[in-house]
Amino acid sequence: MTADTERLLYYDIDSRAVAFSTTRHGGVSTGNYSSFNINSFCGDSMENVNENKALLAGELGLPASRVLVPHQVHGTDCRIITAAHAHMADDELFADLDGVDALVTAERNIVIGVSTADCIPVLLFDTKRNVAAAVHAGWRGTVKNIVAAALNVMTGEFGSAPADVKAVIGPGISLKNFEVGQEVFDKFDKQGYDMARISRMFNKWHIDLPLCNELQLEACGVKKANIRQTGICTYDNVDTFFSARRLGTASGRIYSGIMLK
């Protein structure tokens, strides 16, 4: 399913797309941002972020302006990315991607992606319409069913059929390590989840976010055989992937992206 370099974990989603998640290795950032962080919203220096972004773009054979990083807010807003986004001024691009938690595109050679550090990244590819999406699904986005929101954009704007979509659920926190309070458990329960399937009681409730997103994809019509789980827990693998619960929120972010060739 995957192959990796020092900086990137690649996913074999389709021959017409490049899909990946960044690791912590091969960059220039320091401390809890060490070392390969391309997110400018988590406190890292812009000099380091820009150099890391250039390294990522270079590995993908693109200019850095074609690697898009939204400012996420744990909502469900999805943005359709067009060729114009690669030519926007920095302030215009920031404004357009502010408050956005999922990107959808049919444009080639533009990388769309989301940033996570325990939240769940979901990458989607429509094998018939050649459309891609990158989705940020933290627990709040998962409760709000953001993967369905992204799929609705793909179906409504591009004519995608969920049965034609392949999905990769990238590195994120596992059930074992995602401890939550009763109020979070109740929010999932209110959404109608099979709580016996997605949760466990240890000292507190624990919820399986990767499984929640897999179940949402299936409920939308994505075939189970087309959904790939990396099975990588960011909390347990903090040496390789950023984890906010291990490092604090003032730390780097994984960037999970997809590009149509």
query: Parallel under 30°, tilted from 30 to 60°, perpendicular over 60°: which one fits the rings of Tyr255 and Phe20?
result: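 Tilted, since the angle between the ring planes falls between 30° and 60°.
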
Kindly work out whether a path of hydrophobic side-chain contacts (I/L/V/M/F/W/Y, heavy atoms less than 4.5 Å apart) joins [X] to [Y].
| X | Y | answer |
| --- | --- | --- |
| Ile110 | Tyr11 | yes |
| Val114 | Val222 | no |
| Leu8 | Val69 | yes |
| Val111 | Val18 | yes |
| Val168 | Ile120 | no |

Taking [X] for its side chain and [Y] for its backbone only, find out whether a donor-acceptor pair lies under 3.5 Å.
| X | Y | answer |
| --- | --- | --- |
| Lys187 | Val143 | no |
| Lys261 | Ser15 | yes |
| Thr22 | Ser256 | no |

Heavy-atom distance under 4.5 Å between the side chains of [X] and [Y], does that happen here?
| X | Y | result |
| --- | --- | --- |
| Leu68 | Leu93 | yes |
| Asn52 | Ser29 | yes |
| Glu6 | Arg24 | no |
| Leu97 | Leu103 | yes |
| Asn48 | Asn37 | no |
| Asp98 | Phe94 | yes |
| Lys166 | Arg228 | no |
| Trp139 | Ile207 | no |

Checking [X] now: which residues fulfil ring pair (Phe, Tyr, Trp, His ring centres under 6.0 Å) with it, not counting sequence neighbours?
| X | result |
| --- | --- |
| Phe188 | Tyr193 |
| Tyr235 | none |
| His85 | none |
| His25 | none |

Distance in Å, [X] [atom1] paired with [Y] [atom2], rounded so as to fall on 0.5 Å steps:
| X | Y | atom1 | atom2 | value |
| --- | --- | --- | --- | --- |
| Thr142 | Leu209 | OG1 | CG | 5.0 Å |
| Asn226 | Phe125 | CG | CZ | 11.5 Å |
| Phe36 | Glu51 | CZ | CD | 10.5 Å |
| Asp189 | Gln182 | CG | CD | 9.0 Å |

For [X], what residues pass the side-chain contact (heavy atoms from CB on, under 4.5 Å) criterion, not counting sequence neighbours?
| X | value |
| --- | --- |
| Thr30 | none |
| Ser251 | Asn32, Leu247, Arg253 |
| Asp208 | Leu175, Pro210, Leu211 |

- prompt: Between Leu124 and Leu217, does a side chain to side chain contact (heavy atoms under 4.5 Å, CB included) hold up when you go through it step by step?
  reply: CA-CA 10 Å; Leu124 306 173; Leu217 289 166; 3.9 Å; yes

message: Suppose the criterion is side-chain hydrogen bond (donor to acceptor under 3.5 Å, both in side chains): which pairs have a residue in residues 101-116, not counting sequence neighbours?
response: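 Found Asn39-Ser115, Asp101-His136.
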
task: Sort and list the pairs that fulfil side-chain hydrogen bond (donor to acceptor under 3.5 Å, both in side chains) and have at least one residue in residues 169-179, not counting sequence neighbours.
output: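 Listed once each, the pairs are Ser174-Asn177, Lys176-Asp236, Asn177-Asp236.
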
message: Does Asp164 form a salt bridge (Lys or Arg N to Asp or Glu O under 4.0 Å) with Arg129? I'd like the steps, not just the answer.
response: CA-CA 9 Å; Asp164 298 326; Arg129 298 286 183 171; over 6 Å; no

Closest approach of [X] and [Y], non-hydrogen atoms and distance?
| X | Y | result |
| --- | --- | --- |
| Ala134 | Leu123 | CB-CD2, 3.8 Å |
| Ile254 | Ser21 | CG2-CB, 4.0 Å |
| Thr230 | Pro171 | OG1-N, 3.5 Å |
| Ala132 | Leu260 | CB-CD2, 3.9 Å |
| Trp205 | Phe185 | CD2-CD1, 3.4 Å |
| Asp77 | Val100 | O-CG1, 3.7 Å |

Please output the side-chain donor-acceptor pairs of residues 145-162 that fall under 3.5 Å, not counting sequence neighbours, one pair per line with the distance.
from   : atom 1 : to     : atom 2 : distance (Å)
Asn152 : ND2    : Ala148 : O      : 3.3
Thr155 : OG1    : Leu151 : O      : 3.1
Thr155 : OG1    : Asn152 : O      : 3.0
Ser160 : OG     : Asp126 : OD2    : 2.6
Ser160 : OG     : Met154 : O      : 3.3

task: Quick one: do Leu9 and Ile232 satisfy side chain to side chain contact (heavy atoms under 4.5 Å, CB included)? Show the steps, please.
output: CA-CA 11 Å; Leu9 174 67; Ile232 297 171; 3.6 Å; yes

- request: List the steps, then state whether side chain to side chain contact (heavy atoms under 4.5 Å, CB included) holds for Met259 with Val67.
  value: CA-CA 9 Å; Met259 175 185 71; Val67 179; over 6 Å; no

Show which side-chain atoms of residues 55-64 pair as donor or acceptor with protein atoms under 3.5 Å away, not counting sequence neighbours.
from  : atom 1 : to    : atom 2 : distance (Å)
Glu59 : OE2    : Thr5  : OG1    : 3.1
Glu59 : OE2    : Tyr10 : OH     : 3.2

Can you list, pair by pair, the side-chain donor-acceptor contacts under 3.5 Å of residues 197-204, counting residues two or more places apart and other chains?
from   : atom 1 : to     : atom 2 : distance (Å)
Ser199 : OG     : Met195 : O      : 2.4
Arg200 : NH1    : Ala196 : O      : 2.9

